[in-house]
Asks: 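Can you keep this structure in mind? I'll have questions shortly.
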Number of protein chains: 2
Amino acid sequence: MSPHFGLVKRTTRELMLHFNNSLFGGRFQSVLGIMSKGVNLRELSNRLKLSQTTVSRALNGYPEVSAETRKRVAEMAEELGYAPNSQARRLATGRSMAIGHVIPRSIHEMMNPIFLEFIAGAGETYSKHGYDMIISVVEDDHEEDAYRQIATRKKADGVIVHGPAADEHRHKLLKEINLPFVVHGRIPGAESETTWVDMNNRRAFERATNLLLDLGHKRIALLNGLEHMDFARRRRKGFEDALAERGLAADTAIMRSSDMTEPYGCDNAMEMLKSDSPPTAFLVSSMISAIGVARAIGQCGLETGKDVSIITHDDALSFLPNSGEVPIFTCTRSSVRYAGQRAAELLLDIVASPQREPSSLHLDAELIIGQSTGPVPGR
Amino acid sequence: MSPHFGLVKRTTRELMLHFNNSLFGGRFQSVLGIMSKGVNLRELSNRLKLSQTTVSRALNGYPEVSAETRKRVAEMAEELGYAPNSQARRLATGRSMAIGHVIPRSIHEMMNPIFLEFIAGAGETYSKHGYDMIISVVEDDHEEDAYRQIATRKKADGVIVHGPAADEHRHKLLKEINLPFVVHGRIPGAESETTWVDMNNRRAFERATNLLLDLGHKRIALLNGLEHMDFARRRRKGFEDALAERGLAADTAIMRSSDMTEPYGCDNAMEMLKSDSPPTAFLVSSMISAIGVARAIGQCGLETGKDVSIITHDDALSFLPNSGEVPIFTCTRSSVRYAGQRAAELLLDIVASPQREPSSLHLDAELIIGQSTGPVPGR
DNA sequence: TCCGGCATCCAAACCGCTTTGGATTTAACT
DNA sequence: AGTTAAATCCAAAGCGGTTTGGATGCCGGA
């Protein structure tokens, strides 16, 4: 309005500065909080007597802006507490800046603690890169629908596939709807065409079994996870391979497959220990079940690590630490949280450059000696 | 273009139907999948020779649309696989249709399994109501920032406050930035001005203590959660109240407060049991730690439920079932998953009508007799 | 002096949906 | 028959950003 734009501008700005600092900086911080909610790009650019274009570019680091202007913009943005509305930005850029995790209700019952630990790891990566993590808990028969919704409604730029089954199919759907994904675990038969992060389940259980065999154990029980899951199949394979190599056959009478709860471990161990030919060692797929096994051993008046040995897989869950100089359980350990971090990184890579070739990360589990193993008694 | 719009339209539509069914319905499903991704409202309305307004209204159930038109729209939408872009809808409506959960890294270590179970419950409610759940894992010193971002960038319509501390402050921030929230637990001193869902921690532990006292136990150990958390304080209060009522004083020598891990239970129980005046009963804040206590008891050559009693709080975690006719542990039980469902419902209510008065839900824990309690030995 | 090139900045289009404020047609009522 | 009200539908204006395609001013080189 006035021809002296430059002057007026500076004056106004200084006034505003003063205004904010004195009036709002002090006891009315809450008022500022409420006000700052309303500051959008238009308002900010008006205040600066700049176009939205320039302000946007200044804030997003584009080169077409002078250093001085950029500084001014940054300061004013800070002052007014401006932050871009994510929905608007998402709409404009076409990227939702979010990664989805679909959890069917039934599956997450079983994956419970391991899943959370993975999520925690992935979440760290996401927030480091400015991504949101959205989790959908859906009824089992809505799983496919959930993925489709994510794609068509553009809710997320990619998803993590949890707990691949032995006869997995989700990867086909995801390719069909063109939704980037990373698998936690492996999809049998699709290893080379999908990006995944997994630990070496077969090898880990093979090594664990060998250790028990070396200790003289011949009758080894396997308390596995649900064997319609890929990871459980691989573990079983490792177990059987190790036995076979020494000319031993696995005895299905002392092999179980189920959700890895504590009572599962206890009940089955109890039953086996009371049988005619009880196992002298247990190979268990989860710390939680292993705790149950230990309880059963105790209830039978036996001692873990002396009368009966246990090796368990340890996902390094934070609420079930199995560390210290000599951990409670001898275990094959692999941090599932770390897997989450890495899987998230791979996924963000794919989202950033979708043409990228599938890659994979094979984590090795450590075999760590704890208190729960010893030579077979009476050897 | 042609004056025979009606006719042309129908013909075209039938052609499309035919086209889709024969060509895409079969082996080219994936192509349809990719195509359907691109169908937006404009395209859909063009196809229908209707305005976007009408189509939008038809799909969203507004009354200004004839039944016939609505049907036509619905069919075509289904056929083309149309689903509204959530970012666009969010921008237009101003509601993000998402609920946020902020988890500082340090805290979620300790809340781990309980947190997940709560999340699972809340997630069910969200998806039932078309809301997304977004989880932010943040460094501890970025927590406040995370909440501010959610508000100013409009990432979520509300948040759940997890694990309120004894000296909680988040509710002030959230009121300041005008972000609706529901507390899981209670904020001391702000009970009436916040909406919350909590169980009756004090009462539950009082009842549990009374049961032990009735069984003749006089020396009762308390393995509590971290007592800078509100829930743990209340539990301690219940414990102390019950003792006081019988003229007994709590002995801090057998009281502990920490993250509720398994070794925490085992190590502390072990130490106490080996002391000069060991407790005859343990009151424990978590199943996980209780398992540790049971392990310690076993290692001391004692029997749980006979030589030493345990009562634990049981959050009804799905991977740690403590059910059956006679559960392993005598416990105070309250389903944290249910709490999650209800908290989510309350939050969605608030989001829908923000002027609503604060309300609260006080869940009662059941006291359930299991195998881990018995009369004090030698009574 | 004239021109091309660079550094800055801007107006306007666009992302895909909702919603306001009519316009048009049809049915209903004096 | 004339007027109203109801039923339908639409054009256009947002929502709050990003991005395209210039405009403007200033400089050195010919």
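We name chains A, B, ... by the order of the sequence lines, and we start the count at 1 in each one.
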Asks: By salt bridge (Lys or Arg N to Asp or Glu O under 4.0 Å), which residues pair with B/R70, not counting sequence neighbours?
Replies: none

Asks: Between A/L50 (CG) and C/dA12 (C1'), how many Å, whole number?
Replies: 17 Å

Asks: Between C/dT20, C/dT18, C/dT8, which one does the side chain of B/A92 approach most closely?
Replies: C/dT18

Asks: Does B/E168 reach the main-chain N or O of B/R170 with its side chain, forming a donor-acceptor pair under 3.5 Å?
Replies: yes

Asks: To the nearest Å, give me how far apart CZ (A/R57) and P (C/dA7) are.
Replies: 14 Å

Asks: Both B/V55 and A/R89 contact DNA chain D. Which one's nearest nucleotide lies toward the 5' end?
Replies: B/V55

Asks: Does the side chain of B/V55 come within less than 4.5 Å of B/Y82's, by heavy atoms?
Replies: no

Asks: When the nearest nucleotide of DNA chain C is assigned to B/Q87 and to B/E64 on a heavy-atom basis, which residue is associated with the more 5' position?
Replies: B/Q87

Asks: 5'-most contact on DNA chain D: B/S66 or A/N85, nearest heavy atom basis?
Replies: B/S66

Asks: Looking at B/Y82, does any N or O in its side chain come under 4.0 Å of the phosphate oxygens OP1/OP2 on C/dC17?
Replies: yes

Asks: What bend angle does the helix from C/dT1-D/dA30 to C/dT30-D/dA1 show across its length, from five-pair end axes and to the nearest 10 degrees?
Replies: 60°

Asks: Do the side chain of A/R148 and the main chain of A/I177 share a donor and acceptor less than 3.5 angstrom apart?
Replies: no

Asks: Mind checking salt bridge (Lys or Arg N to Asp or Glu O under 4.0 Å) for A/K128 and listing every partner two or more places apart, or none if nothing turns up?
Replies: none

Asks: Please identify each residue that fulfils salt bridge (Lys or Arg N to Asp or Glu O under 4.0 Å) with A/D157, with sequence neighbours left out.
Replies: none

Asks: Expressed in angstrom and rounded to an integer, what is the separation of B/N40 atom CG from C/dT18 atom C1'?
Replies: 14 Å

Asks: By the salt bridge (Lys or Arg N to Asp or Glu O under 4.0 Å) test, which pairs, at least two apart or in different chains, include something from residues 87-99 of chain B?
Replies: B/R90-B/D132

Asks: Using whole Å, report how far OH of B/Y62 lies from C1' of C/dT20.
Replies: 12 Å

Asks: Got a sec, which pairs hit ring pair (Phe, Tyr, Trp, His ring centres under 6.0 Å) with one end in residues 122-142 of chain B, sequence neighbours left out?
Replies: B/H101-B/Y126

Asks: Output yes when at least one side-chain N/O atom of A/T53 is less than 4.0 Å from OP1 or OP2 of C/dA11, else no.
Replies: no

Asks: Test of understanding: with salt bridge (Lys or Arg N to Asp or Glu O under 4.0 Å), list the residues that count as partners of B/K172, not counting sequence neighbours.
Replies: none

Asks: What is the separation between atom CG on A/L91 and atom C1' on C/dC15, rounded to the nearest whole Å?
Replies: 4 Å

Asks: Measure the distance from CD on B/Q52 to P on C/dT20 and round it to the nearest whole Å.
Replies: 16 Å

Asks: Under 4.0 Å between any heavy atoms, over every strand shown, what does A/T69 touch: base, sugar-phosphate, or nothing? Just pick one.
Replies: sugar-phosphate

Asks: With sequence neighbours left out, what residues match A/R57 under side-chain contact (heavy atoms from CB on, under 4.5 Å)?
Replies: A/T53, A/Y62, A/E64, A/V65

Asks: Can you tell me how far P of C/dC17 sits from CG of B/L59, to the nearest Å?
Replies: 10 Å

Asks: Going 5' to 3' along DNA chain D, which are the first and last nucleotides with any atom under 4.0 Å from a heavy atom of chain B?
Replies: D/dT8 to D/dG16

Asks: What is the separation between atom CD on B/E43 and atom P on C/dG16, rounded to the nearest whole Å?
Replies: 10 Å

